[in-house]
Amino acid sequence: MPPSAEEAALALREIAAIRERAAGFQDYRAESSQLLVWGCAYIIGFTLSALFPQYLLLVWLPVVAAALGGGALVARRSSRAVPGIAWRYLALIGSIILFCVLIHWVVWPISPEQGGMIAPLLIGTLFLLRGVMLRPRYLVIGGGLIGVSLLGYHLFHAIFWWWMAFAFGGGVLLSGCWLRRF
């Protein structure tokens with residue numbers, strides 16, 4: 001006896017749910033590599049900022065350039081079937097960098113620590129938005145990154161750069177490890 005229309009519809013919904021879950025795991029896995037690249041970049045950048053606070057621009061230019069290159073390679077390797085993924089990745093990260101530069105330009109003068117908060121807060125907010133729209137684990141990542149950044153800025157101002165290297169950079173790195181498990 002063939003399945004009823006209700007049974008067939010239920011089976012199709014279950015298949016769609018399984019497909020969505022599998023896509024989520026693939027998304028987490030692909031994103032984990034990016035988080036590992038950028039987590040290392042943030043740890044290096046914030047550590048060098050703590051050691052050489054008078055050379056922040058000279059510290060961050062090569063760090064961001066290296067992370068951009070590494071991230072583009074990771075994107076290309078993880079999504080060979082998607083044409084132009086490296087260019088889209090560079091455009092996306094470039095727009096985030098452009099936003100940070102424009103905020104610095106518009107609200108200048110700001111303290112180095114205030115400037116150091118722009119990218120982490122934006123990144124955390126973008127993860128929150130992705131979590132609301134796509135995957136719930138991104139909510140945890142975004143909320144955690146925003147939380148540790150604000151905590152460091154308000155409570156650990158004297159060791160801000162070290163805090164950001166450890167808490168934010170380390171948080172991004174740990175998030176990459178967490179997503180890699182899925």
Side-chain angles (χ1 to χ4, degrees), residues 17-50 60 63-79 82 85-86 88-101 103-104 113-157 159-182:
I18 291 169
R19 191 175 284 165
E20 174 67 23
R21 187 171 166 98
F25 290 142
Q26 290 172 340
D27 186 41
Y28 286 146
R29 186 117 174 109
E31 186 70 29
S32 72
S33 298
Q34 291 295 333
L35 289 170
L36 294 173
V37 168
W38 284 94
C40 290
Y42 279 117
I43 290 170
I44 292 167
F46 282 125
T47 299
L48 290 174
S49 295
W60 283 98
V63 169
V64 169
L68 269 173
L73 285 174
V74 166
R76 202 165 139 204
R77 285 188 182 150
S78 67
S79 299
V82 181
I85 189 74
R88 285 187 284 185
Y89 169 80
L90 290 172
L92 173 71
I93 301 301
S95 65
I96 292 170
I97 293 168
L98 178 63
F99 175 83
C100 294
V101 168
I103 289 294
H104 276 85
E113 292 81 7
Q114 288 171 321
M117 287 291 289
I118 293 171
L121 293 177
L122 175 61
I123 304 264
T125 302
L126 291 174
F127 272 107
L128 283 177
L129 292 172
R130 277 188 85 192
V132 168
M133 302 304 290
L134 291 172
R135 313 269 179 251
R137 287 183 181 94
Y138 292 142
L139 283 170
V140 174
I141 292 170
L145 293 177
I146 289 170
V148 298
S149 298
L150 290 173
L151 188 69
Y153 182 77
H154 289 292
L155 297 182
F156 303 115
H157 206 72
I159 57 165
F160 174 76
W161 300 113
W162 295 108
W163 174 263
M164 292 301 285
F166 173 76
F168 184 81
V172 172
L173 195 63
L174 285 176
S175 297
C177 293
W178 181 45
L179 292 184
R180 182 159 304 280
R181 291 184 24 223
F182 298 101

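In this chain, residues are counted from 1 in sequence order.
The CG atom of Leu68 sits 6.0 Å away from atom OH of Tyr89, with the distance rounded to the nearest 0.5 Å. Here the straight-line distance linking atom CD1 of Ile97 with atom CG of Leu92 works out to 10.0 Å at 0.5 Å rounding. Rounded to the nearest 0.5 angstrom, Met164 CE and Thr47 OG1 are separated by 11.5 Å. Put simply, CE on Met117 and CZ on Phe160 are 5.5 Å apart, with the number rounded to the nearest 0.5 Å. The CG atom of Leu98 sits 10.0 Å away from atom CD1 of Ile103, with the distance rounded to the nearest 0.5 Å. Atom OH of Tyr42 sits about 3.5 Å away from atom CD1 of Ile123, to the nearest 0.5 Å.
Between Glu31 and Arg130, at least one side-chain nitrogen of the basic residue sits less than 4.0 Å from a carboxylate oxygen of the acidic one, meeting the salt-bridge criterion.
Residues passing the ring pair (Phe, Tyr, Trp, His ring centres under 6.0 Å) test with Phe166, sequence neighbours excluded: none. By the side-chain contact (heavy atoms from CB on, under 4.5 Å) test, Ser175 is found to be paired with Leu35, Ile141, residues two or more places apart in sequence or in another chain being considered.
The heavy-atom pair separating Phe127 from Gly142 by the smallest distance is CB-CA, 3.6 Å. The minimum heavy-atom distance linking Trp60 with Phe46 is given by the pair CZ2-N, 3.5 Å. Across every non-hydrogen atom of Arg180 and Ser32, the tightest pair is N-CB, 3.5 Å. When all heavy atoms are compared, the tightest approach of Leu173 to Cys40 is CD1-SG, 3.8 Å. Pairing each heavy atom of Ile118 with each of Cys100, the nearest pair is CG2-SG, 3.8 Å. Summarising the geometry of Ser149 relative to Phe168, their closest heavy-atom pair is OG-CD1, 3.4 Å, with the distance given to 0.1 Å.
Looking at heavy atoms from C-beta onward, Glu113 lies in side-chain contact with Trp161 at the 4.5 angstrom threshold. Between Trp163 and Leu155, every side-chain heavy-atom pair lies at or beyond the 4.5 Å cut-off.
Between the side chain of Gln34 and the main chain of Gly71, a donor-acceptor pair closer than 3.5 Å is present.
Counting only residues at least two apart or in different chains, side-chain hydrogen bond (donor to acceptor under 3.5 Å, both in side chains) contacts with residues 114-127 comprise Ser111-Gln114.
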**Request:** Go through the steps to decide whether Leu150 and Leu121 satisfy the test side-chain contact (heavy atoms from CB on, under 4.5 Å), and finish with yes or no.
**Result:** CA-CA 8 Å; Leu150 290 173; Leu121 293 177; 4.1 Å; yes
